[in-house]
S.K.: 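My questions will all concern the structure given below.
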Amino acid sequence: MVDPIPPHLSPEHLERLERLERLERLEQLADAIRLRAALYPLAKPPVRRRSRQYPGGRPWRSARRRRRHEK
C-alpha cells in the first residue's frame, strides 16, 4: 500500500506556501518603497519666476531683423 502524501508536501499546501511567500515579498517591496520615499523625497523642479518686465514671458523674436545703418 502507498503511504499518503504528508500534508506539508501536498500540492495545495505548497501552493498556499508559495502564495504566502509572494505576499510577504510584495509587503517587503512596499515597505522598501515607502522607506525610500521617506528618506529620499523627489526633488521638486525650481519655480519659474516671472519677470516684471515680461509678466507673460519673454516675447518671441520678431521675424524682421533690424536694418543696419549705412553711412
Side-chain angles (χ1 to χ4, degrees):
M1 187 169 207
V2 178
D3 291 332
I5 299 173
H8 64 277
L9 294 179
S10 69
E12 295 85 15
H13 186 73
L14 290 175
E15 284 179 24
R16 202 174 318 129
L17 276 178
E18 287 174 1
R19 261 188 267 129
L20 282 173
E21 288 171 358
R22 277 183 288 192
L23 277 174
E24 288 174 0
R25 178 73 178 140
L26 282 174
E27 288 172 0
Q28 287 176 353
L29 285 171
D31 289 343
I33 289 169
R34 280 191 222 101
L35 181 62
R36 181 176 181 211
L39 291 176
Y40 307 104
L42 290 176
K44 295 180 182 174
V47 178
R48 281 189 156 183
R49 295 184 181 159
R50 294 184 177 188
S51 68
R52 291 182 183 175
Q53 186 177 7
Y54 303 112
R58 297 204 74 158
W60 294 100
R61 291 184 178 166
S62 63
R64 288 187 289 147
R65 295 184 178 212
R66 294 182 183 175
R67 292 184 185 172
R68 292 187 182 171
H69 296 289
E70 295 181 19
K71 292 183 180 179

S.K.: Can you list every pair that meets salt bridge (Lys or Arg N to Asp or Glu O under 4.0 Å) and has a residue in residues 20-34, with sequence neighbours left out?
M.R.: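 Listed by first then second residue: Asp31-Arg34.
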S.K.: What's in the same ILVMFWY side-chain cluster as Leu42, cut-off under 4.5 Å, chained through other members?
M.R.: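 Members besides Leu42: none; it forms no cluster.
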S.K.: Using side-chain contact (heavy atoms from CB on, under 4.5 Å) as the criterion, list what pairs up with Arg36, not counting sequence neighbours.
M.R.: Tyr40
